[in-house]
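Treat the numbers as computed from the prediction; the structure is a model and nothing was measured. Just so we're on the same page: letters track the sequence lines, and every chain starts at 1. Computed over heavy atoms, backbone and side chain alike; hydrogens, waters and symmetry mates excluded.
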Protein chains: 2
Amino acid sequence: MENSTSIATENFIKAVFKHEQTEGADTKSGTIARELGITHAAATDMARKLASKNLVDYQKYKELKLTDSGRELAVHVLRRHRLWETFLNRVLGLDMHQVHTEAEVLEHATSDFLLDQIDAYLGYPKFDPHGDPIPDKNGMVDDSLAQITVSNAEVNIAYQVCRLSGSDEEFFDFCSSNQLVLGSTIIIRKHYPKNKMTEVEIGDVKLLLNSDFADAILVEAKLN
Amino acid sequence: MENSTSIATENFIKAVFKHEQTEGADTKSGTIARELGITHAAATDMARKLASKNLVDYQKYKELKLTDSGRELAVHVLRRHRLWETFLNRVLGLDMHQVHTEAEVLEHATSDFLLDQIDAYLGYPKFDPHGDPIPDKNGMVDDSLAQITVSNAEVNIAYQVCRLSGSDEEFFDFCSSNQLVLGSTIIIRKHYPKNKMTEVEIGDVKLLLNSDFADAILVEAKLN
DNA sequence: ATGCATATTTAAGCTTACTTAAATCATAAA
DNA sequence: TTTATGATTTAAGTAAGCTTAAATATGCAT
């Protein structure tokens with residue numbers, strides 16, 4: 001029994017999974033081909049091979065669908081990806097883009113053992129720095145709202161302040177002087193990665209936060 | 001110009017380098033084949049291919065020798081390996097064997113950028129947990145003696161205590177009560193990895209050290 | 001110096017993951 | 001309903017990295 005999944009296989013399955021999640025339809029070999037930067041022919045080939053390994057359901061000219069074991073694999077790869085992202089962000093301080101690029105490679109070179117160590121070291125995080133949920137060992141996903149730091153939040157989206165995790169008095173002083181309380185609506189206007197500053201708006205107050213503060217303010221998406 | 005080096009290539013070059021360093025002679029394709037667990041035929045094939053890429057000097061039936069760019073590649077891979085070992089040991093607390101297994105895979109999945117980040121995070125270490133020197137960015141190696149922790153030291157070799165890096169008073173109390181001073185000769189008798197204990201001998205004193213203490217005592221090989 | 005055991009290489013073939021080019025299918029427009 | 005346009009598949013071929021089996025070279029013992 002060939003149980004080893006190659007990098008090409010993992011990336012293909014991941015692409016199908018991502019497409020199923022976001023678009024929900026039209027997951028044809030051509031779409032995946034474009035996503036992976038390979039020819040249609042190669043994608044068709046791969047689809048047939050993976051169908052024979054029971055990772056996807058595939059019939060000529062029809063849409064691709066992951067089987068249960070295909071989805072299991074996809075979630076497993078996603079877990080590796082997002083744990084690496086979290087680790088590289090929290091430990092080495094890499095930014096969102098760097099974190100993604102590196103995780104894209106590391107996700108295929110990580111044993112279950114190492115992954116467990118990383119998971120434990122981070123305290124079994126439920127969300128990665130993008131705010132995307134990290135599947136647990138059994139592939140289960142927390143469907144509650146993600147809490148992410150202001151430094152990692154997206155620009156021009158209304159968030160709600162849900163945690164102030166600073167340690168010193170100055171930080172809390174600063175917060176209460178600037179309408180920064182639990183429940184406040186906050187909009188991130190611009191990240192200045194070079195200078196590690198983030199520009200935000202709370203009501204009519206505009207603030208330029210340094211990275212210590214931007215890391216200490218946790219927000220979640222606002223329910224509308 | 002194909003400048004991408006595959007995993008197979010990196011491992012082959014690494015094996016040649018290792019053999020050149022340790023045995024110094026008889027680096028024939030068969031030796032490398034045995035090392036890598038592939039057939040002689042495959043090794044011969046690879047030798048010819050890498051010769052055409054100017055990574056090894058190779059003539060039929062003769063010994064393999066790395067070219068300058070081959071050696072450069074080998075040292076670069078070694079650097080990735082040893083930095084990962086150091087990182088996994090220091091940050092995640094993996095033991096010698098685990099560290100090696102994981103680094104064997106990660107070394108092929110690490111960008112120069114990420115490697116620099118790891119290097120900086122660790123404070124540009126000169127030696128890995130085995131005591132092996134870590135080549136710097138330019139491939140330069142520190143040829144002074146390695147300082148390793150007692151917890152990582154080899155069994156039944158005479159070392160010399162060269163640093164006591166404990167932080168609390170109890171530790172230094174303990175040291176001075178047990179002939180543990182700079183310059184003392186120490187022999188590691190046994191590691192108990194399950195219990196994180198190390199049994200050592202200093203003169204006629206036998207000690208069972210816990211991991212905190214075994215990590216705080218640095219030793220180097222004794223010049224005879 | 002000769003022969004033989006061992007090491008090394010060649011030859012042929014396999015799998016994975018692609019490519020290009022040609023053939024075929026699907027479907028929306030006329 | 002027919003058609004043409006674009007998507008998809010098939011066919012043939014390539015490169016890497018292996019395998020087994022056969023051929024050949026090496027070098028040591030005699």
Side-chain angles (χ1 to χ4, degrees), chain A residues 1-16 19-20 23 25-65 70 73-74 77 104-105 107-109, chain B residues 1-16 19-20 23-66 70 73-74 77 104-105 107-109:
Chain A
M1 290 288 120
E2 281 301 319
N3 203 13
S4 64
T5 56
S6 67
I7 295 177
T9 294
E10 290 189 351
N11 281 333
F12 192 94
I13 293 292
K14 214 178 59 169
V16 175
H19 209 262
E20 276 187 358
E23 325 293 316
D26 204 42
T27 312
K28 303 240 213 71
S29 56
T31 327
I32 306 303
R34 213 171 310 120
E35 178 111 4
L36 296 177
I38 59 178
T39 59
H40 286 201
T44 301
D45 206 50
M46 201 64 177
R48 248 193 303 105
K49 278 183 193 159
L50 297 188
S52 84
K53 289 181 180 170
N54 193 37
L55 290 171
V56 296
D57 284 332
Y58 169 66
Q59 285 165 268
K60 294 206 284 186
Y61 302 106
K62 296 279 182 62
E63 289 187 6
L64 281 160
K65 278 207 199 76
L73 174 57
V77 176
E104 205 66 21
V105 183
E107 68 186 8
H108 307 297
Chain B
M1 289 291 120
E2 282 303 318
N3 201 12
S4 65
T5 55
S6 67
I7 296 177
T9 294
E10 290 189 352
N11 281 334
F12 191 94
I13 292 293
K14 214 177 62 171
V16 174
H19 208 261
E20 276 187 357
E23 326 291 316
D26 204 41
T27 312
K28 302 242 214 72
S29 56
T31 328
I32 305 303
R34 213 173 309 121
E35 179 111 5
L36 295 177
I38 59 178
T39 58
H40 285 203
T44 301
D45 206 48
M46 200 66 175
R48 247 192 305 107
K49 278 181 193 163
L50 297 188
S52 83
K53 289 180 181 171
N54 193 36
L55 290 170
V56 296
D57 283 332
Y58 169 65
Q59 284 164 269
K60 296 207 284 186
Y61 302 106
K62 296 280 182 61
E63 290 187 5
L64 281 159
K65 278 206 197 77
L66 292 181
L73 174 57
V77 175
E104 205 65 22
V105 184
E107 69 187 7
H108 306 297

In this structure, how many angstroms lie between the [atom2] atom of [N] and the [atom1] atom of [X], rounded?
X	N	atom1	atom2	result
M46(A)	dT10(D)	CE	P	16 Å
Q59(A)	dT8(D)	CD	P	15 Å
N11(A)	dT16(C)	CG	P	17 Å
L64(A)	dA7(D)	CG	P	16 Å
I7(B)	dT16(C)	CD1	C1'	14 Å
R48(B)	dG17(D)	CZ	P	14 Å
I32(B)	dG17(D)	CD1	C1'	17 Å
E10(A)	dT16(C)	CD	P	15 Å

Review point. Can you list the residues that meet the side chain to side chain contact (heavy atoms under 4.5 Å, CB included) rule with K62(B), with sequence neighbours excluded?
Key: Q59(B)
**Study point:** Along DNA chain C (nearest heavy atom to each residue), the more 5'-positioned of K49(A) and A43(B)
**Key:** A43(B)
Practice item. Output, in order, the C-alpha distance, side-chain angles, deciding distance and verdict of side-chain hydrogen bond (donor to acceptor under 3.5 Å, both in side chains) for E10(B) and T5(B). Key: CA-CA 6 Å; E10(B) 290 189 352; T5(B) 55; 2.9 Å; yes
Practice item. Considering just the side-chain nitrogens and oxygens of S6(A), establish if one lies under 4.0 Å of OP1 or OP2 belonging to dA17(C). Key: yes
State which of [options] makes the closest approach to the side chain of [X].
X	options	result
A8(B)	dA17(C), dT20(C), dG17(D)	dG17(D)
D45(B)	dA11(D), dT10(C), dG17(D)	dG17(D)
A41(B)	dT19(C), dT19(D), dG17(D)	dT19(D)

Quick one, [X] and [Y] - any side-chain contact, counting heavy atoms below 4.5 Å?
X	Y	value
V77(B)	I13(B)	no
L36(B)	M46(B)	no
S6(B)	T9(B)	yes

Check your understanding: Of the options E104(B), H19(B), E35(B), which is the one that meets K14(B) in a side-chain contact (heavy atoms from CB on, under 4.5 Å)?
Key ->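 Per the side-chain contact (heavy atoms from CB on, under 4.5 Å) rule, the option paired with K14(B) is E104(B), out of E104(B), H19(B), E35(B).
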Study note, to complete from the structure: Protein-proximity profile, nucleotides 1-8 of chain C, B/S/- by nucleotide at the 4.0 Å heavy-atom cutoff, equals -------B
Study note, to complete from the structure: For A51(B) and Y58(B), the nearest pair of non-hydrogen atoms, with its separation, is CB-CB, 4.1 Å
